[in-house]
Asker: 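Please read through the structure below; I'll follow up with questions.
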Amino acid sequence: MSEILRIENLCVEYRTSEVGQPVKQAVRNLNLSVKAGEVFGFLGPNGAGKTTTMNVLLGFVSPTRGEAFLFGNNVREPIARQRIGYLPELTYYYKFLTAEELLRFYCQIFEIPKSEQGSRIDAALKLVELESARKRLIKSYSKGMQQRVGLAQALINNPDLLILDEPTSGLDPLGRMKVREIIQRLKNEGKTVFFSSHELGEVETVCDRVAILHQGELRVEGRVDELTRRYNCNLEQVFLKIVGYEA
Amino acid sequence: MLRKSWAIGGVVLKEMTRRKDFYVLFILTAVLTVAMGSVNVFDDTRMVRYLKELCLTLVWLAVLVIAVTSAARQIPAEREHRTIFPLLAKPVSRWELVLGKFIGCFLACGIALFVFYLFFAIISFSRERELFLANCFYAFLLHWIFCAVVVAMTLLGSVVLSTPSANATLCFLAASSILFLGRHLKQIAQSMHEPLRSVLQVGYFALPHLEFFDIRDLVVHNHPAPFSAGDLALVTGYGALYTTFFLVAAWAVFRRRPLSA
């Protein structure tokens, strides 16, 4: 299996605004790789460095040291993001546009031919069940509908790698089930999914491999079944052991 | 590359047409001009010139407000509403984003200018019964280039300053000061002592001379434009140079700025 995502010796440091405070190390010497077709869970408590790592992968933050690659391209280059779909934790879309206009805009960004745009938009809206609301401004959508627009935009370019930042956070049980279904469907289609989540039961169900980060460092990485066997408990208990929580 | 910037510009344009700013400013300008035009004290024939001057001043003010406020909020609003994250997670470089924002604001200013100058032409024609179309066209074109410089300058301000309101106020003051005082800066410098004299002289040569784009007097007095196509190209090149400089500076500041999702 080819490597889709590779992180080498990644370090991210932040300077705090307070004078005399030491530099904050958000990520320390992180090495990680995700292979094609894997569903990879990126876990850790709040402040562990998950979002910072995702920010580096998406080009929002430059690493202090080390490199990250998507499809063999350095993440500093916009071309690295040509074959990825990204779903942020919360919905951040242009509320003055309709869902159809938003998806058309993203089609243009991906330089999808005009003749293909209509069918892609139809398919994405059908998948997230927003066909009837396609002409309505996003600002009139409910939270769940906005989250579904997010999912549609993440899939509009038919990505080979989907990066999801806590995709089920704030969703009702139906919404969660829908996201899980979509992840499962993408997995069956041979797509790669890299996602962070605090829902460890969900991670255990859908993920092939996981990595657990704590205080900016990679503490453990491996197949879900291997980890649960090695620690002789479920993934949630593995997670608690790794982050040093004793009940 | 340009295709992505055009797409971003299209979204900016759509946002501007769906906001009420432009319509409010246009209605305000129209109401003020028509109200002033309906008053003709002592049947003075100079009233037409006065009316034209007033209308053009209002147009300059309104378009400056549109250019500055629209450009000032573009990048900060993307960050504040966090729409920048799904956008930059796609194969878009920060230069394409800056350029797209510029294209959108520049086109929006062009549309606003067209509507305003059309209104001005109607007002002029209704009073003078003749229309100096060439003058109106030159005034429109130069005014649009002025907008390009102001939009680019404001975009630079928006990535340097943290609050859009502070940036908008500063850019509005800077543009209007340069417009009205820029031409006198050299004379003011000569009346000063060193080192202020040198500072003002450097300012005179470094700042964009926005007054080059203001031919209101020619339009008001119906003088034929005293410049050739070559002069027009030169002034356009001058505007393009400053616009490029401001855009490249905006990109240089913005390209390494960390964004935390």
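Protein chains get the first letters and strands the later ones, always in sequence-line order, with residue 1 at the start of each.
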Asker: Measure the shortest side-chain to side-chain distance between A:Leu32 and A:Phe194 over non-hydrogen atoms and say whether it is less than 4.5 angstrom.
Answerer: yes

Asker: Spell out the residues in residues 74-82 of chain A that have some non-hydrogen atom less than 4.5 Å away from a non-hydrogen atom of chain B, in order of number; otherwise answer 'none'.
Answerer: A:Arg76, A:Pro78, A:Arg81, A:Gln82

Asker: Hey, can you tell me if B:Phe140 and B:Phe137 have their rings parallel, tilted or perpendicular (30° and 60° cut-offs)?
Answerer: tilted

Asker: Between A:Glu131 and A:Lys126, does any side-chain N to carboxylate O distance fall below 4.0 Å?
Answerer: no

Asker: Highest number of heavy-atom pairs under 4.5 Å with chain B: which of A:Tyr93, A:Phe96, A:Phe110?
Answerer: A:Phe96

Asker: Between B:Ala89, B:Ala7, B:Gly10, which residue shows the highest count of heavy-atom pairs closer than 4.5 Å to chain A?
Answerer: B:Ala89

Asker: Find out whether B:Leu97 and B:Ile84 are in side-chain contact, i.e. whether some heavy atom of one side chain is under 4.5 Å from a heavy atom of the other.
Answerer: yes

Asker: Can you check whether A:Glu8 reaches A:Phe69 side chain to side chain, under 4.5 Å on heavy atoms?
Answerer: yes

Asker: Determine whether the aromatic ring centres of residues B:Phe213 and B:Trp144 are separated by less than 6.0 angstrom.
Answerer: no

Asker: Is a donor on one side and an acceptor on the other found under 3.5 Å between the side chain of A:Ser197 and the backbone of A:Glu199?
Answerer: yes

Asker: Any salt bridge between A:Glu67 and A:Arg6, counting N to O under 4.0 Å?
Answerer: no

Asker: How about B:Ile145 and B:Val235: do any of their side-chain heavy atoms sit closer than 4.5 Å?
Answerer: no

Asker: Go through the atoms of B:Arg256 and report whether side chain, backbone, both or neither lie under 4.5 Å from a heavy atom of chain A.
Answerer: side chain

Asker: Working note: B:Phe146 + B:His143, criterion ring pair (Phe, Tyr, Trp, His ring centres under 6.0 Å); need CA distance, chi angles, decisive distance, verdict.
Answerer: CA-CA 5 Å; B:Phe146 162 87; B:His143 200 164; 5.8 Å; yes

Asker: With a 6.0 Å cut-off (strictly less than), is the heavy-atom count around NZ of A:Lys95, excluding the residue itself, greater than 12?
Answerer: no

Asker: Can you tell which of B:Arg18, B:Lys90, B:Arg94 has the highest number of heavy-atom pairs within less than 4.5 Å of chain A?
Answerer: B:Lys90

Asker: Using only non-hydrogen atoms and a strict under-4.5 angstrom cutoff, which residues of residues 134-162 of chain A touch chain B?
Answerer: A:Leu137, A:Gln153

